[in-house]
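Take a look at the structure below.
Worth saying up front: this structure is predicted, and the values here are computed from it rather than measured.
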Amino acid sequence: MRVLRSDAIGEMELSGSCAELRELAGLLRAGAGAYALDAAADPAPYGRALGSVRVERTSGLVELALDADGQTLRIRGAAESLAILAGNFEAVATEPDPHYHVHIEYFPDHMYLAETSDALILIADS
């Protein structure tokens, strides 16, 4: 699994095998955990590859953001919001269309995503 990031626009792309996406969905449902990423991945067309994902159950809507270390995608939020996000990971992992992907971006009155979240594109590797 890899997470690529463009610091210029604050957007990330998370891609992984179906099994990896389901595993990350499990961490989201559990509300805690970490996942090591392929930090040596070629980041093109993004600026860089991150080294890990960390999930943390807190209160409120889901926030997708860089951790203070600048190398970790931090995903935190209330259990209900994390479960909705986990459903997106599972949907991508089970979609047979190899071009299917999901854009996870804040918009006013978003059901589960905080306004402070960075945009994330979610893709299953074929």
Side-chain angles (χ1 to χ4, degrees):
M1 182 181 310
R2 63 188 193 153
V3 174
L4 307 179
R5 177 174 170 84
S6 170
D7 291 324
I9 60 173
E11 180 179 270
M12 293 177 275
E13 176 184 285
L14 188 153
S15 61
S17 69
C18 295
E20 290 170 328
L21 295 178
R22 284 191 293 272
E23 186 175 346
L24 192 48
L27 292 180
L28 291 168
R29 289 191 187 283
Y35 198 97
L37 301 170
D38 180 6
D42 177 5
Y46 292 85
R48 60 193 176 107
L50 301 185
S52 62
V53 174
R54 191 176 79 229
V55 176
E56 177 184 351
R57 184 177 298 147
T58 61
S59 60
L61 301 175
V62 168
E63 180 183 46
L64 305 164
L66 273 183
D67 205 357
D69 69 3
Q71 293 299 314
T72 301
L73 167 57
R74 184 188 68 232
I75 305 174
R76 62 182 180 181
E80 301 82 17
S81 297
L82 290 171
I84 295 169
L85 180 61
N88 283 303
F89 278 72
E90 292 160 347
V92 171
T94 58
E95 174 58 48
D97 179 354
H99 301 292
Y100 183 77
H101 62 280
V102 172
H103 289 257
I104 300 171
E105 299 178 57
Y106 174 80
F107 56 81
D109 298 323
H110 199 284
M111 176 190 333
Y112 69 89
L113 200 59
E115 184 175 1
T116 54
S117 285
D118 290 338
L120 179 73
I121 301 168
L122 185 56
I123 302 170
D125 291 337
S126 49

- Task: Determine the interplanar angle of the His110 and Tyr112 rings, folded into 0 to 90°, and report it as parallel if under 30°, tilted if 30 to 60°, perpendicular if over 60°.
- Result: perpendicular
- Query: Is a donor on one side and an acceptor on the other found under 3.5 Å between the side chain of Glu20 and the backbone of Met1?
  - Reply: yes
- CG of Leu120 to CG of Leu4, rounded to nearest 0.5 Å, is 10.5 Å
- Query: Counting only N and O atoms by type, is there a donor-acceptor contact under 3.5 Å from the side chain of Arg57 to the main-chain atoms of Ala30?
  - Reply: yes
- Task: With the side chain counted from C-beta on, respond yes when Gln71 and Arg48 share a heavy-atom pair under 4.5 Å apart, and no when they do not.
- Result: yes
- Going from CD on Glu13 to CD1 on Ile123, what distance comes out if it is rounded to the nearest 0.5 angstrom? 3.5 Å
- So how far is it from His103 NE2 to Leu122 CG, rounded to the nearest 0.5 Å? 10.0 Å
- Note on the structure: Heavy-atom nearest pair, Leu21 first then Ala93, reads CB-CB, 4.0 Å
- Heavy-atom closest pair (Arg5 atom, Gly10 atom, distance to 0.1 Å) is NH2-CA, 3.8 Å
- Got a second to check how far Thr94's OG1 is from Arg22's CZ, nearest 0.5 Å? 8.0 Å
- Task: For the pair Ser6 (side chain) and Glu11 (backbone), establish whether a donor and an acceptor sit closer than 3.5 Å, ignoring hydrogens and angles.
- Result: no
- Message: Please tell me whether Met111 and Phe89 are part of a single hydrophobic cluster in this structure, the criterion being side-chain heavy atoms less than 4.5 Å apart.
- Response: yes
- Note on the structure: Tightest non-hydrogen contact, residues Gly60 and Ser81, listed as O-OG, 3.7 Å
- Task: Identify the two heavy atoms, one from Gly77 and one from Leu82, that lie closest to each other, and give their separation to 0.1 Å.
- Result: O-CD1, 3.2 Å
- Would you say His99 has more than 12 foreign heavy atoms packed within less than 6.0 Å of its NE2? no
- Full working for side-chain contact (heavy atoms from CB on, under 4.5 Å) between Thr72 and Leu37: CA-CA 9 Å; Thr72 301; Leu37 301 170; over 6 Å; no
- Query: Atom CD1 in Ile104, atom CG in Asp118: separation rounded to 0.5 Å?
  - Reply: 12.0 Å
- Message: Are Leu27 and Val53 packed together at the side-chain level, in the sense that at least one heavy-atom pair is separated by less than 4.5 angstrom?
- Response: no
- Task: Please report the shortest heavy-atom distance between Ala44 and Asp42, naming the atom on each side.
- Result: N-OD1, 3.1 Å
- Message: Are Leu66 and Asp7 packed together at the side-chain level, in the sense that at least one heavy-atom pair is separated by less than 4.5 angstrom?
- Response: yes
- Query: Side chains of Ile84 and Val62: does their closest heavy-atom pair fall under 4.5 Å?
  - Reply: no
- Heavy-atom pair of closest approach, residues Ala49 and Ala41: CB-O, 3.8 Å
- Task: Determine whether Tyr46 and Met12 make a side-chain contact, defined as any pair of heavy atoms from C-beta on separated by less than 4.5 Å.
- Result: no
- Would you say the side chain of Leu85 lies within less than 4.5 Å of the side chain of Leu113, judging by non-hydrogen atoms? no
- Item | From CD (Glu105) to CD1 (Ile121), nearest 0.5 Å | 7.0 Å
